[in-house]
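Here's the structure we're looking at; comments come further down.
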There are 2 protein chains.
Amino acid sequence: MTPASNTPSEPGSQPKGRASIYDVAAHAGVSAQTVSRVANGQTNVRPTTRDRVLESIQALGYRPNSAARNLKSGKFRSIGFVTFNLATLGNEQTLNAVAEASEKAGYTTTLLPVTDPTKLDVAGAFSRLEEQAVDGIILVMSAEVGSLDELKVTLGLPLVIVDSDAMLPYTIVDTDQEQGSGLAVRHLLDLGHRDIVHVSGPEISFSARRRAETYRTTMAEAGLEARPVLVGDWSAQSALALTRELFADGPPPTAVFAGNDQMALGVIHAIRERGLRVPEDVSVVGFDDAEEAAVSWPALTTVHQNFDQVGRNATSLLLSLIDGAPDTRRKVLIPTHLVVRDSTGPVRSGPVPSA
Amino acid sequence: MTPASNTPSEPGSQPKGRASIYDVAAHAGVSAQTVSRVANGQTNVRPTTRDRVLESIQALGYRPNSAARNLKSGKFRSIGFVTFNLATLGNEQTLNAVAEASEKAGYTTTLLPVTDPTKLDVAGAFSRLEEQAVDGIILVMSAEVGSLDELKVTLGLPLVIVDSDAMLPYTIVDTDQEQGSGLAVRHLLDLGHRDIVHVSGPEISFSARRRAETYRTTMAEAGLEARPVLVGDWSAQSALALTRELFADGPPPTAVFAGNDQMALGVIHAIRERGLRVPEDVSVVGFDDAEEAAVSWPALTTVHQNFDQVGRNATSLLLSLIDGAPDTRRKVLIPTHLVVRDSTGPVRSGPVPSA
DNA sequence: ATGAAAGCGCTAACAT
DNA sequence: ATGTTAGCGCTTTCAT
């Protein structure tokens with residue numbers, strides 16, 4: 001059946017390395033072009049020929065070489081995901097959403113870890129990103145990066161920034177920190193709390209600073225005095241230590257707004273150590289709505305952050321940039337919503353909401 | 001200074017697209033070879049020439065095109081990370097470790113998400129992996145995949161499997177599930193518990209099955225009768241529901257071994273709902289040692305799983321395979337250790353350990 | 001120390 | 001419907 005004409009390279013032997021398009025062409029007795037057409041599902045190939053080529057592809061285990069394709073097309077069909085630490089609920093979920101969204105668009109996601117944020121001097125590490133086999137970059141900052149302004153100059157690749165200072169002159173997608181934090185603080189206010197403490201993430205984090213700011217302004221709007229912000233590092237451990245100190249220093253507040261759920265757990269732990277109850281003695285609100293929030297004891301009231309939407313938006317924005325859309329430097333803010341569970345309740349004694 | 005001789009393509013205008021090695025060569029008045037040598041840090045270039053080339057590289061913002069490099073070298077310097085869901089503590093931490101380890105080796109990590117595990121029929125999806133621009137693949141299963149045997153036949157790429165049935169004929173890296181589960185169950189046994197329930201992950205998961213098996217054998221070794229395993233899906237919610245049912249159906253056990261920390265939290269939640277205390281009435285052990293384990297209330301006794309080591313080992317194994325080492329199909333089992341915190345204690349009333 | 005030529009595997013453009 | 005030519009950007013010979 002198959003006209004297995006002998007070629008000098010002995011096609012009958014087992015395949016060394018990988019079969020190229022020429023091997024298939026020789027095996028099927030057609031030109032490389034025809035193989036290419038079959039491999040790419042072009043229509044203008046006679047069914048007989050197509051079948052023969054398909055057989056040869058099978059027989060030789062041929063797979064197109066993506067490097068050659070990339071070289072030819074000038075595209076990689078891959079987007080780069082740059083982050084300083086993956087070990088964060090938000091970053092991880094964002095990555096997950098990005099990976100799924102880009103896969104749907106036929107793109108692959110390449111991780112470009114930058115071990116040390118401060119090492120990200122623009123001249124050095126960043127320009128190296130251009131060599132990577134990616135068509136565009138999603139930069140998840142979650143922390144400050146020096147001289148970002150030069151980025152635009154240095155980086156010759158489409159760029160979308162996630163979780164960042166929305167003042168930056170780039171296309172940005174982020175959770176609406178202000179809206180979310182307002183929700184949390186006003187919830188406590190509505191429950192009658194007047195003495196509310198905020199335990200925040202690290203200074204270096206934009207979102208942490210934004211949440212702390214909103215805590216202060218919302219308190220001010222209510223005509224209340226904000227307590228000094230307790231600055232942690234997102235970890236439950238840091239919140240635990242901070243809250244212990246707080247209790248050691250003076251009377252406990254009636255409510256705590258924690259910068260994330262992890263820290264909320266740490267706060268709750270410290271409250272219990274002190275012999276107090278949640279929410280009867282102290283109410284606690286978190287931020288993120290991580291999986292454990294629903295099953296902690298008590299179930300945590302928290303601000304739900306929609307990382308999936310952040311990731312999907314960032315991806316589609318980047319993809320359109322890659323497709324040549326002009327960079328309009330849009331800021332997309334993804335709204336949050338409050339999930340009220342059992343860690344918050346009305347103040348036990350003291351002023352009741354005006355009603 | 002610079003002999004900016006005019007070429008037909010008007011090099012003086014702003015760079016359309018990207019500067020190639022030829023543009024730099026023309027700009028510096030040397031051959032492409034010399035540029036290549038400078039770019040790759042070869043020594044045999046006269047300092048004067050080198051400087052001139054370097055200047056041109058700067059001026060034109062030249063970055064080597066990785067597609068061309070890849071095509072030439074036949075390597076991508078990237079490893080593929082295949083998983084069915086990233087949204088798992090273990091997978092995420094493993095990915096993190098893989099990304100870091102491969103970055104250190106000068107490799108990039110490419111995410112190859114497979115949305116539906118059951119869709120991973122070998123003939124289809126898997127052979128497509130070969131087209132990806134990767135030199136090898138780390139497959140994180142955490143669940144069963146049909147006809148894996150054909151994998152070897154189909155996949156022409158170095159492969160390391162993580163978190164899997166260690167019986168498979170591949171190079172495998174995994175947490176030592178047996179050792180870990182033994183630690184957990186024997187810890188409860190040592191505390192005098194005799195009535196221990198196991199809440200497991202889903203049947204489809206190898207590690208879940210392995211942990212359940214070890215629970216049964218360890219109980220048997222102690223001459224005790226195992227309770228029917230409560231099969232959940234790793235989520236706290238599932239454990240919560242399962243434990244509620246358990247309590248509704250009969251007398252509570254004195255201890256629970258949960259298949260992971262999330263489920264342990266769900267179990268604890270259910271115990272409390274029932275008006276019982278942890279660990280006074282019921283002891284609970286988890287598995288993973290996730291961050292929240294240390295700060296949950298009470299702090300969770302759990303089996304620490306070293307995902308970092310799993311990821312690092314998988315990476316170095318894969319890298320050596322890529323470098324041409326023969327596939328010896330080693331099984332590397334990473335040991336765990338027990339972290340005793342506050343969720344376990346001696347049985348209140350009942351048999352005391354023989355001593 | 002430097003350059004010229006060839007080719008990695010693929011596909012767009014142009015024949016036939 | 002199929003084949004031929006050329007070239008993507010780089011690096012490995014092999015000169016010089």
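Reminder, nothing fancy here: chain letters follow the sequence lines and each chain counts from 1.
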Under the side-chain contact (heavy atoms from CB on, under 4.5 Å) test, residues paired with A/Ala97 that sit two or more places apart: A/Asp308
Non-hydrogen side-chain atoms of B/Asp327 and B/Tyr170 separated by less than 4.5 Å: no
Nearest heavy atoms of A/Ser66 and B/Gln132, plus distance in Å: OG-C, 3.9 Å
Sugar-phosphate only, base, or nothing, as touched by B/Thr49 at under 4.0 Å among non-hydrogen atoms: sugar-phosphate
Leading and trailing nucleotides of DNA chain C with any atom under 4.0 Å from heavy atoms of chain B: C/dA1 to C/dG9
Contact letters for nucleotides 8-16 of chain D, in which S counts primed atoms plus P, OP1 and OP2 and B counts the base, heavy atoms under 4.0 Å: BBBBB----
N/O donor-acceptor pair under 3.5 Å between B/Asn40 side chain and B/Gln42 backbone: no
Side chain to side chain donor-acceptor pair (under 3.5 Å) between A/Thr110 and B/Thr108, worked out: CA-CA 7 Å; A/Thr110 299; B/Thr108 210; 5.5 Å; no
Partner set under side chain to side chain donor-acceptor pair (under 3.5 Å) for B/Ser320, not counting sequence neighbours: none
Check: B/Thr109/B/Ser102 side-chain N/O donor and acceptor closer than 3.5 Å: yes
Partners meeting side-chain contact (heavy atoms from CB on, under 4.5 Å) with B/Gln309 (sequence neighbours left out): B/Asn306, B/Arg312, B/Asn313, B/Ile334
For the student: nearest non-hydrogen atoms of A/Leu321 and A/Leu159, plus distance: CD2-O, 3.8 Å
Donor-acceptor pair, side chain of B/Thr34 and main chain of B/Val30, under 3.5 angstrom: no
Relative orientation of the end axes in the helix from C/dA1-D/dT16 to C/dT16-D/dA1, expressed as an angle to the nearest 10° (five pairs per end): 40°
